[in-house]
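What follows is a set of notes on a single structure, which appears directly below.
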There are 2 protein chains.
Amino acid sequence: MKPTAKQVAHAVGVSIAAVSRAFTPGAPIDQEKRKMILAAAEEIGYISPARRTANVVSAGTVTLVAGSLHNPFYPLVVDTLARQLQESDRRLLVYALPADSNVDTITEQILAARPSAIIITSAYLTSNMARACRQHQIKVVLLNRIQRDIRVNAVSCDNYQGGRDAGRLLLDRGYQRIGLIGGISNTSTHTERVRGFRDVLAEAGKTFHAQASGDYNYEVAKTAAVKMLSSANSPNAIFCCNDIMALGAIDAAREKGLRIPNDLAVIGFDDIPMASWSSYCLTTIRQPVERMVQEALSLIDDPTVKAGDDGSTRMLSGNLIVRHSV
Amino acid sequence: MKPTAKQVAHAVGVSIAAVSRAFTPGAPIDQEKRKMILAAAEEIGYISPARRTANVVSAGTVTLVAGSLHNPFYPLVVDTLARQLQESDRRLLVYALPADSNVDTITEQILAARPSAIIITSAYLTSNMARACRQHQIKVVLLNRIQRDIRVNAVSCDNYQGGRDAGRLLLDRGYQRIGLIGGISNTSTHTERVRGFRDVLAEAGKTFHAQASGDYNYEVAKTAAVKMLSSANSPNAIFCCNDIMALGAIDAAREKGLRIPNDLAVIGFDDIPMASWSSYCLTTIRQPVERMVQEALSLIDDPTVKAGDDGSTRMLSGNLIVRHSV
DNA sequence: TCAGCTCCTGAAACTTTTTCATTATGCTAT
DNA sequence: ATAGCATAATGAAAAAGTTTCAGGAGCTGA
C-alpha cells in the first residue's frame, strides 16, 4: 500500500491540504509546520507526485564534471559515457569547468540540479564538495583521478604500471639516453606515470637523461622537446605523460630533422584517436576507456555501494600499443 | 480560466480518464485516440500536471544531440555550450549518436526526458522527429546544419561565403592547379562550402584540377591526398572541407617530401585547436563557435520564437585565418 | 462457433491541488 | 487602549487528475 498524503496529515495532525502545501514551494504555510510535515512524510515514505515525476526525470541522469575538453582524451570519455548511458536508457548531464578552476566554483549549481550520481574527471574533488555530496546522498566517482585525502570511489587506469610498461619497452629496445616530459605535477596521472617510469629505470640502474614539464599541452611540450633536443648529447628516447604532448615531441623532432624512431623514440599515454594517425603511429599506453566508463557506472549502479561510504579504487590495466614511434 | 482535462475530454468526446491516459506514457490507450486528444489539448492550451512539473525541472536544461565527437570541432561546441549555459545557471544534456545513424534511433529516448529545447548538430533532423517536437512544444535549433526540407530554426556559419573566401585566397596567391577534398556529400556543410569554392573559381574561369572525397575523416582524406599528389601534373593547392582532412592532406604531402606551402598549399575549414599547432599552421576559415552558440541560445530564449513555428536561419560569417599553409 | 486472450474503455473510487471562507496576528492611526 | 486594516495561515470542500475495475470489442486457434 503506497503511502498517501492522508496518512501524513493524520500523523502530524493537520489537514491534507497542509501536506500538499508543504510540498509546494511558495505555498502559504508556516515554516515550522512545513518542516514537521516533511519530516513525517520522510518517515512514512510519502513522496509528493510532483517530486515523483521530478525523480523519474533525474533518476536516469548521470552528471559528468569535466575539465577542458581540449585534450582529446576527454571527448572520448564523454562520447563513451553518453553511449553507454543511452543503452541503459539514461542521460548524461555535462558540466565543463573553466580552465584551472576547481569544482567549488560550480558546486552549488551542480547540487541544485539534485543529481543522483556524479562522475568527476579532470578536476579536483574538494573536501567541501565531498561533504556536500555525502549530505545530499549523492554518489561520487572519480574517473582517471585518484585522491588520497578524500576517500571516495575512483576508477582509474593503472598509471603506475603504465609508466613501468613504457620504461620497460624503452629499456628492452636498448635506448640509453631516456628523457621525460611530464604533465601537470599535482595530478595523480602525472605522479603515478612518472613514478612507474622512474622505478623501472632505477631497477635497471638508470635515471632520466633529461626531464621537462609539458603541462599536458601540445605547444608547451613541443617547446620543451625542442629545447631538450637542442642540448648536446640529447636523449634518443622520450616518454611523454600523455599523447598530445607526445605528438608535440614528434613534431619538434621532425622540425629538427630527426626521424622517428631512428633518431628519436617517442612514447605517449592515453591512445587518443590521433595517436593512430598514419603520420604519427605513436606507440602509447591505451587507457581502457570503455571499461573504465563501465566500471564507473557499475559503481554507481551497485546498490551495496552507499552514497556516504568511504570509497574504493578500481584500477584497470592499460595496454601497451606498439606502433612505429619506438 | 485555466484549461482543464474536462474541456479537452468534452471537445474530443471521451472520458476525462482517457485524457489523463493520453498524457501518461505507456498507459493503455489507442494511438489514434491519443493523437486526437493531444491535438485537441494543444488547441485548447491544456497542459497535464505532470508535464507542468517536468517543465519546471527541465526548464533549465538544454539538450544537445551530437554526432560522433571524433571531429575535434564538436568537443569545441560542447565545451562552449556547457560554459555559456553554466553562466545563465542552466544545464547541458548530451546525447551522442552512434556513427552514421540518424536522430530517429534515439528520438523516443530524447522525448521521454521532456526537454524544452533541443540543439541538433552533426545529425539529420528527420521530419519524423520534427513533427514529434512540434507536437510536444519543444524548440529545435540546428547548429552547423541547414535543412531545406524542414523549416526549423538553424544557426550556421556562412559556409558558402567561407568556400568563396578560401577560393579567393588561393586565386589571389596565384595558384593555378587547385584541388578539392570534399566531406560527406549529403551534408549542408559540404555542399555549401564546395559550391562557394566552385563559384569563385568559375568566376575566374577555372575549374577543379582534381577532386576527391575525404569523408570528413583524417585517414580517408590522407589516402585521397596521396593519390591526388601521385598523379602526373598534380595540384599545387588543395581546399579541404574541414580541418582534420586538411591535416591529413598536409601529412600526406610531407610524406611525399613536399613542403608546405612552397610545393603545396592547403586550406581547411573550422579552425580546430590543432590547426594552430606550430607543426601545421593551417590556414583555415574559423567558425565563430562562441557566437554560433550564443545565437542558438538566443533563439531558444526568445519568447517570440514559438516551438511549432517555421524557423529562420541565422547565418554568421566565418573568418579567414591566414597562417602559413598557403 | 466459442473459449481464451489482449487491448481499450468509461465509471467510479481514490488522491491531490486549489479555492474559499474563516480565523488569527500584528501593525497603525486615532 | 482599541477600532480598523492588512497579512498570513488554516481546514473544509470543491475541483482536477489518476488509478482501479469490470466489462466489451476484436482477434486467434481449436
Side-chain angles (χ1 to χ4, degrees), chain A residues 1-61 89 114 116, chain B residues 1-60 107-109 111-116 131-132 135-138 307:
Chain A
M1 185 59 201
K2 208 168 59 180
T4 72
K6 201 172 181 178
Q7 294 171 38
V8 177
H10 195 258
V12 184
V14 294
S15 68
I16 306 173
V19 177
S20 173
R21 281 192 270 259
F23 281 95
T24 310
I29 186 173
D30 187 72
Q31 285 308 317
E32 269 312 303
K33 187 176 277 191
R34 170 173 277 160
K35 258 188 208 165
M36 280 173 53
I37 294 173
L38 257 38
E42 174 147 5
E43 180 144 345
I44 294 173
Y46 170 73
I47 303 167
S48 77
R51 177 70 54 89
R52 208 144 40 210
T53 60
N55 278 352
V56 169
V57 172
S58 72
T61 305
D89 237 308
R114 305 201 166 284
S116 55
Chain B
M1 185 58 199
K2 208 167 62 180
T4 72
K6 201 172 182 177
Q7 295 171 36
V8 177
H10 195 258
V12 184
V14 295
S15 67
I16 307 173
V19 177
S20 173
R21 280 191 272 258
F23 282 95
T24 310
I29 186 172
D30 187 71
Q31 284 307 316
E32 269 313 303
K33 186 174 280 192
R34 168 172 278 159
K35 261 188 209 166
M36 280 172 52
I37 293 173
L38 257 38
E42 172 151 4
E43 179 143 349
I44 295 173
Y46 170 75
I47 303 168
S48 77
R51 173 76 51 89
R52 217 144 32 210
T53 63
N55 277 354
V56 172
V57 173
S58 68
T107 294
E108 273 191 34
Q109 222 179 337
L111 294 179
R114 306 191 175 289
S116 57
R131 196 175 327 110
Q135 221 165 54
H136 289 73
Q137 295 279 64
I138 300 166

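Letters go in sequence order (proteins before strands), and every chain restarts at 1. Any value given below was found using the heavy atoms of this structure, including those in side chains, with hydrogens, waters and symmetry copies removed. Keep in mind that this is a model prediction, so the values were computed, not measured.
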> What parts of residues 32-42 of chain A reach DNA chain C, counting only heavy atoms under 4.0 Å away?
Replying inline: none
>> For a quick check of understanding: with a heavy-atom distance under 4.0 Å over all strands, which category does B:A5 fall into, base, sugar-phosphate or nothing?
In response: sugar-phosphate
> Do the side chain of B:R21 and the base of D:dG17 come within less than 3.5 angstrom through a donor-acceptor pair of N or O atoms?
Replying inline: no
> If you check every side-chain atom of A:P28, which of D:dT18, C:dT9, D:dT10 has the closest atom?
Replying inline: D:dT10
>> Testing the basics here: between A:R34 and A:A27, what is the closest heavy-atom pair and its distance to 0.1 Å?
In response: NH2-O, 3.8 Å
>> By nearest atom, which of the nucleotides C:dT17, D:dG11, C:dG10 is closest to the A:I16 side chain?
In response: C:dT17
>> Whether B:Y46 contacts D:dA16 is assessed here as follows: a side-chain N or O lying under 4.0 Å from the phosphate OP1 or OP2. Is that the case?
In response: no
> For the residue pair B:P3 and B:G45, what are the closest heavy atoms and their distance?
Replying inline: CG-O, 3.6 Å
> What pair of heavy atoms forms the shortest contact from B:V14 to B:I37, and how long is it?
Replying inline: CG2-CD1, 4.0 Å
> Given D:dT10, C:dG10, D:dT19, which nucleotide is nearest the side-chain atoms of B:V14?
Replying inline: C:dG10
> Which atoms form the tightest heavy-atom contact between A:T4 and A:Y46, and what is the distance?
Replying inline: C-CD1, 3.6 Å
>> For the CZ atom of B:R21 and the CG atom of B:D30, what is their distance to the nearest 0.5 Å?
In response: 12.0 Å
>> Taking any heavy-atom pair under 4.0 Å as a contact, classify B:P49: base, sugar-phosphate, or nothing.
In response: sugar-phosphate
> Heavy atoms under 4.0 Å, any strand shown: does A:F23 hit a base, just sugar-phosphate, or nothing?
Replying inline: nothing
>> Once you apply a heavy-atom cut-off of 4.0 Å, does B:A27 come out as touching a base, just sugar-phosphate, or nothing?
In response: nothing
> Nearest 0.5 Å, what's the CD-CD1 distance between B:Q7 and B:I16?
Replying inline: 11.0 Å
> Rounded to the Å, how far apart are A:D30 CG and D:dT7 C1'?
Replying inline: 14 Å
> D:dA16 C1' sits how many Å from B:K6 NZ, rounded?
Replying inline: 9 Å
> Which nucleotide in the list D:dA12, C:dT16, C:dT9 gets nearest to the side chain of A:T4?
Replying inline: C:dT16
> B:I47 has an atom CD1; how far is it from atom P of D:dA16, in whole Å?
Replying inline: 16 Å
> Atom CD in B:Q31, atom NZ in B:K35: separation rounded to 0.5 Å?
Replying inline: 7.5 Å
